[in-house]
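Scroll down for the structure; my scribbles are underneath it.
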Amino acid sequence: MTRRAAAARACACALAASVALAHAGEPAGADALTAYLTAFEVAYVVSPAEGDAVAAAQAAVHAAAADASPRLSLREGLRVGANGLELDLGVRLRVPLHDATAAPRLAMADADLALQRLYAQEAQAAALAAFLSDLAALAVLAPAADLARATGAAADAAVLATPDPLALPPDEREAYEAATRARETATWLARTLADLHARVEGRLGGLWPGLEAGAPRTAPAPPAPADLEAALAAAYALARGAAKAPHRAGTRPPVGPDAPAPGSGAPPAPPRAVRAEDDAVALCLTGSGAARIARARHAHALRVAAVDAAPDLRVTLTGGLDHSVSWGGAAGGGGPTGSIGVEARFVLPSGWPLAGSVGAEVGWDGLSQDLQVSWPPPFGAAPSVRPDEQLADELLLVAQDARALLRALASAGAERSRQARLLAWALLDATPDLPPAAAERLSRSPWDPGWPLIEGSDALRLAELRLDAALAHLGELSAAIAVAAHCGLLPTAGPG
C-alpha cells in the first residue's frame with residue numbers, strides 16, 4: 001500500500017505540472033483558431049480536376065455567347081499553276097437574325113458553370129471540415145497526451161516490472177492494470193499526435209500560422225476546445241433546436257407528391273419533438289451545400305431538356321466580298337465580287353428515323369434550297385429519371401443525412417455529459433470538501449489548470465476518467481463539425 005501511495009502522489013504532482021505547462025502555451029481567446037483558419041484559406045488550392053471542370057464550363061459559356069453573336073472571318077489563298085500565281089482574298093460576315101436554341105444553350109452553359117463552381121466549393125468545405133477535425137483532435141488530445149505521459153511516467157516502476165502479474169496480491173492488481181493502461185494510452189496518443197501534426201502541416205503546405213520569417217518550423221499551440229465550440233455555436237444551437245425548438249409554421253419540408261392536400265383529411269399534427277426536429281432539418285437544408293448542389297443539378301437538367309425540346313432553327317444574314325489577283329498567266333486576275341443573302345436552316349430533331357437538315361437561302365443570285373439526310377441517326381439515350389423526381393429524391397437523402405447528423409450530435413453531447421458526470425462523482429469522492437458546482441465545472445473542462453492535487457489511490461482512477469471525458473468531448477466536437485459541414489455552418493477566418 002505504501003508503494004501505491006507513493007506512486008499516486010508522484011502521479012498527481014506530475015499531472016498538475018503537465019496540465020499547467022500545457023495551458024501556459026495556449027494563446028488567449030480565439031486568436032489561434034483565426035490564425036489557423038486564415039492559414040488554411042491561404043494554403044488551400046483547388047484540385048486540378050475541379051479547376052479544369054470550372055474552366056471548361058466557363059469556356060462553354062463563352063462559346064455559347066459567341067455562337068449568338070456576329071462573326072467576321074477572313075480568307076486568303078495562294079495557288080501556283082498553269083495560269084501562274086493566283087491570290088484569292090475574301091471576307092465573310094454572318095449576323096444571326098434568329099436562333100431558337102441560342103438562349104437555351106446559353107442558359108444550359110450558365111447552369112453547368114454554376115454547378116461546377118458548387119462542386120469546387122463543396123470540395124473546399126469538405127477539406128475545411130477535415131482540417132477542423134484535425135484541429136479539434138489536436139486541441140483535445142495534446143493535453144490528454146501530457147496527462148497520459150505523466151501518468152505512465154509516475155506509475156510505480158516496480159509494478160510494471162513485475163515478472164509474473166498473476167502472482168500480484170489482490171490489493172496491487174488494480175494499480176498494475178491502471179499503470180499498464182496509462183502506458184498504452186500514452187503510446188497511442190503520442191503516435192496519434194505525430195500523425196495529426198503531419199496532416200495539419202500538409203494541409204497548410206508547411207505554413208504554420210503565427211510564425212515569422214526564419215523562425216523554427218515548430219507547430220504552434222492548437223486552439224482551445226472552448227474556441228472551437230464557440231466557432232461551432234450555430235451547429236450546437238441547431239442540434240438543441242432539433243429537440244427543444246417550438247414549431248414554426250411554414251418551415252416543414254414537403255414529404256413528397258403523396259402528401260395529402262390541405263383540407264383533404266390530413267393526418268393529425270406530429271408530436272412537438274418531431275415538429276421541432278423537422279424544423280431543424282429544414283433550417284439545415286437552407287444552407288446545405290449538398291442541397292444547393294441538388295438544386296443546381298435540377299436546374300441544369302431542366303436547361304438540358306429545354307435545349308433538347310427547342311427546334312433547331314437558325315436564320316442568318318450573310319455577306320461576303322471576294323477578290324482574285326493573278327500574275328504570270330493569261331487571265332490577268334478578276335475584280336472584286338460581293339454577295340449578300342439570308343439563310344435559314346432547320347436541323348431534324350433527335351428521335352426521328354433520319355438525321356439531317358433542310359435549308360434555304362435567298363440572295364442576289366436568286367433562291368436556293370437544299371436537303372441533307374442520313375441513316376442511321378445518332379443514338380441518344382432518353383433520361384431514365386425525371387428532373388423533378390430526381391430533385392425530390394436527392395433532397396430527401398440530404399434531409400435524412402441532416403436528421404442523422406443532428407441525432408448523432410445530440411447523442412455525442414449526452415455521452416460527454418455522462419462521462420463528465422462520472423468524473424464529477426469520482427472527484428467528489430476523492431475530495432469531499434470540494435463544492436459540487438466546482439466539481440461540475442472541472443468535469444466539463446478536464447484540462448483546467450485549477451484542478452486540485454489528488455493523492456492516494458484515486459489519482460490513477462481520476463486520470464483515466466479525465467481521458468475518457470476528453471475523448472467524449474472530442475466525439476462531440478467531431479459530431480458538431482459534421483453537422484456544420486452538412487448544413488453550411490463551418491466557421492471561416494472572416495474578413496481581412
Side-chain angles (χ1 to χ4, degrees), residues 54-81 83 85-116 299-327 331-380:
V54 172
Q58 289 175 331
V61 171
H62 293 317
D67 286 345
S69 303
R71 180 177 295 274
L72 180 65
S73 60
L74 301 177
R75 180 181 59 85
E76 179 271 337
L78 185 64
R79 295 191 304 273
V80 179
N83 294 327
L85 183 64
E86 297 183 7
L87 175 65
D88 294 334
L89 300 174
V91 59
R92 291 286 185 273
L93 176 64
R94 298 179 61 89
V95 180
L97 301 179
H98 174 74
D99 187 350
T101 65
R105 283 188 289 109
L106 182 57
M108 180 183 68
D110 286 334
D112 183 57
L113 177 58
L115 179 60
Q116 297 303 326
H300 181 258
L302 292 180
R303 302 300 184 272
V304 172
V307 170
D308 294 339
D312 195 350
L313 174 62
R314 308 185 187 191
V315 180
T316 309
L317 174 65
T318 62
L321 183 63
D322 298 294
H323 183 61
S324 298
V325 180
S326 299
W327 295 278
T337 60
S339 64
I340 188 170
V342 176
E343 174 185 311
R345 182 161 298 277
F346 175 72
V347 178
L348 300 182
S350 60
W352 281 34
L354 296 175
S357 64
V358 57
E361 182 176 3
V362 59
W364 288 349
D365 298 333
L367 177 66
S368 63
Q369 177 270 332
D370 68 272
L371 173 65
Q372 301 176 8
V373 294
S374 63
W375 185 89
F379 176 77

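Scope of the values below: all heavy atoms of this structure, side chains included, with no hydrogens, waters or symmetry mates.
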Distance from Ser339 atom OG to Leu321 atom CG, nearest 0.5 Å? 8.5 Å
Report all side-chain donor-acceptor pairs from residues 342-349 shorter than 3.5 Å, counting only partners two or more places apart or in another chain.
unit_1	atom_1	unit_2	atom_2	d
Arg345	NH1	Ser357	OG	3.1
Arg345	NH1	Asp370	OD2	3.2
Arg345	NH2	Asp370	OD1	2.9
Arg345	NH2	Asp370	OD2	3.2

Please check if the number of heavy atoms outside Arg71 that lie under 6.0 Å from its CZ is greater than 12. no
Sequence-distant partners of Ala111, side-chain contact (heavy atoms from CB on, under 4.5 Å), two or more places apart: His300, Arg303
Quick one: side-chain contact (heavy atoms from CB on, under 4.5 Å) partners of Ala57, sequence neighbours excluded? Asp112, Leu113, Gln116
What donor-acceptor contacts under 3.5 angstrom involve side-chain atoms of residues 310-318, with partners at least two apart or in another chain?
unit_1	atom_1	unit_2	atom_2	d
Asp312	OD1	Arg314	NE	3.2
Thr318	OG1	Gly341	O	3.4

With sequence neighbours excluded, residues passing side-chain contact (heavy atoms from CB on, under 4.5 Å) with Pro70: Val95
Which residues pass the side-chain hydrogen bond (donor to acceptor under 3.5 Å, both in side chains) test with Arg79, sequence neighbours left out? Glu86, Asp88
Spacing of Leu74 atom CG and Arg92 atom CZ [to the nearest 0.5 Å]: 10.5 Å
Output for pair (Met108 CE, Leu302 CG), nearest 0.5 Å, gives 13.0 Å
Do you know which two heavy atoms are closest between Asp322 and Gly90, and how far apart they sit? OD1-CA, 3.6 Å
Less than 4.5 Å apart, side chain to side chain, heavy atoms only: is that true for Leu87 and Glu76? yes
Return the set of residues passing side-chain contact (heavy atoms from CB on, under 4.5 Å) with Leu367 (not counting sequence neighbours), or none when no residue passes. Val362
Going by the rule side-chain hydrogen bond (donor to acceptor under 3.5 Å, both in side chains), which residues pair with Asp99 if we only count those two or more places apart in sequence or in a different chain? Thr101, Arg105
